[in-house]
There are 2 protein chains.
Amino acid sequence: MTSPTLSDVARAAGVSYATADRVINNRGNVAEKSIAKVREAVAALGYVRNVAAANLSRGRVYRLAFLIPRGSNAFFNRIRQHIEHTAAHQATERVTAEVIEVAAFAVEGLQDSISDLLERDFDGVAIVGLQSAALEVPLAALRDKGVAVVGLVSDLPQAARAAYIGIDNIAAGRTAGRMVGLAHGGRGGRVQTFAGSLDARDHAERLTGFREVLQTDFPQLELLDPIMTKDDAQVLNAQTRQALGQTELTALYNVGAGNSGLIAALQEERGTRPFCVVHELVAHSRQALLERHIDLVIDQRPDVEINRAFTVLRALIDQKELPPMPDLVPTIYVRDNLPADTLTDKMKAKIDD
Amino acid sequence: MTSPTLSDVARAAGVSYATADRVINNRGNVAEKSIAKVREAVAALGYVRNVAAANLSRGRVYRLAFLIPRGSNAFFNRIRQHIEHTAAHQATERVTAEVIEVAAFAVEGLQDSISDLLERDFDGVAIVGLQSAALEVPLAALRDKGVAVVGLVSDLPQAARAAYIGIDNIAAGRTAGRMVGLAHGGRGGRVQTFAGSLDARDHAERLTGFREVLQTDFPQLELLDPIMTKDDAQVLNAQTRQALGQTELTALYNVGAGNSGLIAALQEERGTRPFCVVHELVAHSRQALLERHIDLVIDQRPDVEINRAFTVLRALIDQKELPPMPDLVPTIYVRDNLPADTLTDKMKAKIDD
DNA sequence: CTGAAAGCGCTTACAG
DNA sequence: CTGAAAGCGCTTACAG
């Protein structure tokens with residue numbers, strides 16, 4: 001009934017414990033014959049290595065690093081917070097996580113930060129990445145050193161990481177498009193989008209998905225050219241005012257950050273304001289939802305992403321199969337299905353956008 | 001740097017390892033003085049018990065049971081599947097999970113099944129519950145035996161369980177109401193709801209939430225009395241046809257199961273069909289979404305719930321603090337943000353509704 | 001009330 | 001290429 005141990009395997013194979021261990025862990029220096037015997041015994045008994053015992057015996061500590069863009073962006077504050085939180089609550093499991101800030105959205109800065117990682121003894125790193133071939137060399141060096149690497153929120157070059165933990169941004173844009181379309185209830189309208197920059201892959205993908213759905217399923221809606229904002233709240237504020245003044249808009253969709261500016265502009269609007277969709281649930285977007293200045297928030301659930309980053313990195317480090325994990329899905333929030341607000345006041349004070 | 005062990009604590013406190021262990025684990029038979037000394041040492045060193053080592057040494061196995069309604073309901077099939085899946089992938093961690101089927105929605109059957117649990121040696125059970133005082137006695141007996149109990153999907157009497165793992169059904173209903181309201185784009189309309197039975201607390205709560213939002217925020221919508229369906233696809237099919245024939249409906253919301261019947265009725269509809277919201281993403285609701293027979297699915301993410309049930313039960317059994325966990329939130333699916341379909345064909349074949 | 005010792009399933013030198 | 005033995009941080013009898 002109780003699962004077989006390595007001793008059982010060794011006995012069944014007619015070899016010593018140490019030899020059985022050698023083949024289980026591919027330590028080499030074992031006769032072909034012994035390998036075969038052990039393999040058979042493993043199969044016959046259905047042996048499965050006890051990772052907890054292994055970790056205990058070797059005093060295993062998982063040293064993880066998270067490379068996150070520097071700056072006071074509300075979303076990344078939330079990410080940072082979740083990392084610290086998760087790490088603290090994994091104390092028992094001997095996992096340490098260090099947050100390393102890198103210059104936001106700059107290839108060279110990221111490249112340097114990744115190189116710096118080589119000097120440190122991390123077992124795994126999660127990186128908010130960029131699509132740039134320049135990152136491939138330092139990432140390869142990391143991998144050669146045996147460090148597990150995953151892309152987080154924004155992907156790295158595919159070949160350079162073991163996994164990507166983040167949402168499908170085309171799907172996110174399509175979802176926004178669907179909701180904007182539905183909210184017109186069959187009527188026509190004029191829709192304005194905002195983006196930080198088209199160089200940011202996630203922004204571009206969201207716009208693409210959004211456009212796809214509008215063109216295909218809601219042809220009665222006119223889609224205006226996107227306004228670029230650099231994710232700056234000031235810019236967003238000015239642009240929103242101007243857009244609202246110029247023509248009759250029925251919907252607004254911001255694929256990027258800087259929402260506090262957009263919300264402020266909307267707040268001054270008299271009469272009916274356009275239907276409004278933004279990304280990421282943070283203090284001010286939550287409040288705007290509750291106060292009815294916006295209608296929908298599409299969120300990528302950074303809490304779930306961080307949780308998953310820990311799980312995936314641990315699995316990669318242990319070289320064991322990844323556990324089954326629910327898909328990461330763009331989550332739609334309205335004012336009625338908001339999760340409880342778990343931010344402390346102290347954290348709130350630090351957040352702006 | 002490396003965390004202190006119980007030996008460190010014992011040494012610092014000037015007592016033997018065994019005595020330190022006694023106070024850490026409240027085993028009793030320790031002099032007040034020793035207790036105090038150990039407590040001080042623990043505080044001074046910041047000792048935290050290594051659960052993995054403890055489990056290893058005592059050959060810990062977590063034996064879990066899940067009490068799930070019997071029957072071929074697609075949603076509970078999905079739940080069952082996730083339980084087996086999760087259990088299988090926790091093999092390394094020595095967790096076993098047994099699914100026990102109980103007569104669906106019958107207080108007496110559930111009562112008996114809970115009593116039967118007393119004869120078995122489970123460490124923790126998750127129960128798809130009912131609100132009935134009749135359950136309190138057997139549940140109290142379970143608790144007295146030291147078994148951890150949580151309510152799953154549908155809650156048990158509050159005092160009788162350590163936690164509830166499921167969504168807030170009022171919020172789910174409100175969310176549906178919000179979406180239905182938005183989809184009218186400011187126009188008037190006539191809305192029909194369906195429910196299995198008002199005795200089912202979750203159904204009643206969803207209707208309540210739905211009504212709240214419509215009355216408050218969309219007064220131009222006329223809400224017809226709910227039609228009772230016993231969650232039976234046949235009944236739903238007949239009732240939907242009849243309702244569609246009778247008056248001009250602009251929206252449909254089914255708070256319960258039996259959606260295949262509703263979808264079939266909708267499928268035959270010519271011209272524009274009403275906006276349609278149902279609960280739970282399963283094979284046929286997913287397909288209906290993709291084929292545009294319905295517009296929205298509100299899902300409670302059974303995968304996340306099951307995952308959480310394992311985590312919470314383990315924490316309760318270990319008597320350790322619950323790790324921080326993202327709120328369980330009613331998830332909105334449109335055809336654009338569907339997760340990849342992970343069901344195998346074999347599982348699909350077993351599913352109907 | 002207290003302590004010494006074996007054992008949980010592994011890994012890691014060390015000796016052959 | 002192979003094996004015996006100590007140790008990871010705990011729990012569990014057992015002896016005092």
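Residue numbers start from 1 in every chain, and the chains themselves are labelled A, B, ... in the order their sequence lines are given, proteins ahead of strands. Just so you know, these numbers use all the heavy atoms, side chains as well, and skip hydrogens, waters and symmetry mates.
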Length of the line joining A:Leu6:CG and C:dT12:P, which is rounded to integer Å
13 Å
Roughly how many Å is it from CZ in B:Arg22 to P in D:dT11, rounded to a whole number?
12 Å
Cation-aromatic face contact B:Arg314/B:Tyr62, 6.0 Å, 45 degrees
yes
Look at the side-chain N and O atoms of B:Ser16 and state whether any lies under 4.0 Å from the OP1 or OP2 oxygen of C:dG3.
yes
N/O (side chain, A:Tyr17) to phosphate O (OP1/OP2, D:dA6) under 4.0 Å
no
Phosphate OP1/OP2 of D:dT11: any B:Arg49 side-chain N/O under 4.0 Å:
yes
Gap between atoms CG and C1', on A:Asn29 and C:dG16 respectively (whole Å):
14 Å
Of the listed nucleotides D:dC8, D:dA4, D:dC14, the one nearest the side chain of A:Leu56
D:dC8
Any side-chain N or O of A:Asn50 under 4.0 Å from OP1/OP2 of C:dC8?
no
Do B:Asp303 and B:Asn307 have a side chain donor and acceptor closer than 3.5 Å?
no
May I have the distance from B:Asp21 (atom CG) to C:dC1 (atom P), rounded to whole angstrom?
16 Å
Pair A:Glu98 + A:Arg63, salt bridge at N-O below 4.0 Å
no
Whole-Å distance separating the CG atom of A:Asn25 from the C1' atom of C:dT12
11 Å
Pair partner, C:dA15 [Watson-Crick or wobble, under 3.5 Å]
D:dT2
Given that B:Ala53 and B:Gly28 both sit by DNA chain C, which one's nearest nucleotide is further toward the 5' end?
B:Gly28
Under 4.0 angstrom, heavy atoms only, what part of the nucleic acid is B:Ala18 near: base, sugar-phosphate, or nothing?
base
Heavy-atom nearest nucleotide on DNA chain C for B:Ser57 versus B:Ala31: which residue maps closer to 5'?
B:Ala31
Can you see if the side chain of B:Arg27 gets near the phosphate of C:dC1 - specifically, an N or O under 4.0 Å from OP1 or OP2?
no
Kindly say whether B:Thr5 contributes a backbone atom to a donor-acceptor pair with the side chain of B:Asp8 at under 3.5 angstrom?
yes
Just the rounded figure in Å: distance from P of D:dG9 to CZ of B:Arg11.
11 Å
Would you say that A:Val61 contacts A:Val95 through its side chain, given a criterion of any heavy-atom pair below 4.5 Å between the two side chains?
no
With a 4.0 Å cutoff (strictly under), does any side-chain N or O of A:Ser34 reach OP1 or OP2 of D:dT2?
yes
Take the protein atom CG of A:Asp8 and the nucleotide atom P of C:dC8, then report the distance between them rounded to whole Å.
10 Å
